[in-house]
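A short worksheet on the structure shown next.
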Number of protein chains: 2
Amino acid sequence: MTPDTRLSHLVAVLKRRRCRLTPQRLAILRLLAQSVGHPSIEEIYERLQGEFPTMSIATIYKTVTLLKELGEVLELSFPEEGVKRYDGAKPYPHPHLICVRCRRILDPEIGSLTPLVETAGRLTGFRILSHRLDLYGVCPECQAREEGREWQAPAPLQQGQGGI
Amino acid sequence: MTPDTRLSHLVAVLKRRRCRLTPQRLAILRLLAQSVGHPSIEEIYERLQGEFPTMSIATIYKTVTLLKELGEVLELSFPEEGVKRYDGAKPYPHPHLICVRCRRILDPEIGSLTPLVETAGRLTGFRILSHRLDLYGVCPECQAREEGREWQAPAPLQQGQGGI
DNA sequence: CTTCATGCAAAACATTTGCAGCTGG
DNA sequence: CCAGCTGCAAATGTTTTGCATGAAG
């Protein structure tokens, strides 16, 4: 699903709920529909400063909370940095890969967790509703950078984002 | 590993580091060595009010932070309740099963995540260091309670903790 | 026009920090 | 003794809330 399609969907959802589409809201939706880097409230605020210099951070909190309640945004808390990050592109549970050095967040294409989750449900009698899997590590770029310090001649940076 | 063994280990770790074993600290260690229900700071504070009515909550924060830095306590943030919970019994990454109704936390005995984690590492080039898997659902007891509301005659509560 | 969103400021909240005094070893 | 811990209070940083103004529909 492209960011544009996703944006249209978010707009449609708000319209159906008879929520107002103010310019501020639309801009927030646009950022969340892409969710590049899984932005925090603060980051959304900063990225929109140019377009809306007077916008209050409370407005962003309120819009994000609204979308969260509608199930259209995934909230990811990162206590290490004391912030919550948001994914409006894929609002359903999916694994995240977090670089502990540069704090980049990737969506790795690993197999479904469904079998694992079903097993856990059977064993414990729980009715499983949701899940969260975070993998913490060092991304290829940061690994190269660290090796560079020790060895002086680092391996060339890999292209792309390290995904396949 | 029994709670007593775990407590001895924690005491030994602090001694090795030449940290002082005050009565307050020992009491905190005792609670964390069991970590029944994965207590929050506030819960540790309340449970120790009887024994140490004048103890400051800052003392608990400081001791828990110390143990966290020594790798002897696992910190689990739960933004939904706005608290962090602690596991001093199993300070290494392991899956958690959280009841969204009664907030109980269990350690399900599901298979290792290692293959999954290794796959993700290979596919993305990340050096994986750690992970966190939380499964959210409704525990057997809360399921029975909910059915009871609709049907009037609930199935008998299951014994044990729902685990196997 | 009416309702709802905005923006500001104050409040709420968990957590951290500074520091004087106490105490474990 | 005296380094390091305790307890209190103040500070911090994020998130929430109340309310008057303003704009969407």
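Given the structure is predicted, the values throughout are model-derived calculations rather than measurements. Both backbone and side-chain heavy atoms feed into the values below; hydrogens, waters and symmetry mates do not. First the proteins, then the strands, lettered A, B, ... as listed; each starts at 1.
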*So do the side chains of A:Thr63 and A:Gln24 get within less than 4.5 Å of each other, counting heavy atoms only?*
no
*asked:* Nearest heavy atom decides the nucleotide; on that basis, is A:Gly82 or A:Leu21 closer to the 5' end of DNA chain D?
replied: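 It is A:Gly82 whose nearest nucleotide is closer to the 5' end.
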In this structure, how many angstroms lie between the [atom2] atom of [N] and the [atom1] atom of [X], rounded?
X       : N      : atom1 : atom2 : result
A:Gln24 : D:dG22 : CD    : P     : 14 Å
A:Tyr45 : D:dG13 : OH    : P     : 16 Å
A:Leu26 : D:dA23 : CG    : C1'   : 15 Å
A:Ile44 : D:dT15 : CD1   : C1'   : 14 Å
B:Ile60 : D:dC5  : CD1   : P     : 16 Å
B:Leu48 : D:dT6  : CG    : P     : 12 Å
B:Leu66 : D:dT6  : CG    : C1'   : 14 Å
A:Arg20 : D:dG22 : CZ    : P     : 15 Å

Just to be sure I understand the rule, does [X] reach a base, reach only the sugar-phosphate, or reach nothing, if contact means heavy atoms closer than 4.0 Å?
X       : value
A:Ile57 : nothing
B:Lys84 : sugar-phosphate
B:Glu42 : nothing

_Short side-chain N/O contact to D:dC5 OP1/OP2 from B:Arg25, under 4.0 Å_ =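 Yes.
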*Taking only side-chain nitrogens and oxygens of B:Ser56, does any of them come within less than 4.0 Å of OP1 or OP2 of D:dT6?*
no
*Would you check if the side chain of B:Arg25 reaches a backbone N or O of B:Arg20 as a donor-acceptor pair within less than 3.5 Å?*
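Checked: pair present.
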*Is the backbone N or O of A:Gly125 less than 3.5 Å from a side-chain atom of B:Gln143, with the two atoms forming a donor-acceptor pair by type?*
yes
*Of A:Lys62 and B:Glu81, whose closest DNA chain C nucleotide lies nearer the 5' terminus?*
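The answer here is A:Lys62.
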*By nearest nucleotide on DNA chain C, pick out whichever of B:Ile41 and B:Pro23 is the more 5' one.*
B:Ile41
*asked:* I want to verify a distance call: between D:dG22, D:dT15, D:dA9, whose nearest atom is closest to the A:Val83 side chain?
replied: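 My answer, after comparing the listed nucleotides, is D:dT15.
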*Of all the nucleotides listed (D:dT15, D:dG18, D:dA24), which has the minimum atom distance to the side chain of A:Thr22?*
D:dA24
*Have B:Ser56 and B:Thr59 got a donor and an acceptor in their side chains that come within less than 3.5 Å?*
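No - no donor-acceptor pair under 3.5 Å links their side chains.
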*Parallel, tilted or perpendicular: which describes the rings of B:Phe78 and B:Tyr136, with under 30° parallel and over 60° perpendicular?*
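Aromatic pair B:Phe78/B:Tyr136 classed perpendicular.
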*Gap between atom CD1 of A:Ile128 and atom CG of A:Leu116 - 0.5 Å precision*: 10.0 Å
_If I take atom CG from residue A:Leu7 and atom CG from residue A:Leu31, how far apart are they, to the nearest 0.5 angstrom?_
10.0 Å
*Can you tell which of B:Lys84, B:Arg103, B:Arg85 makes a salt bridge (charged side-chain N to carboxylate O under 4.0 Å, His left out) with B:Glu43?*
B:Arg85
*Nucleotide range of DNA chain C lying under 4.0 Å from chain B heavy atoms*: C:dA14 to C:dG25
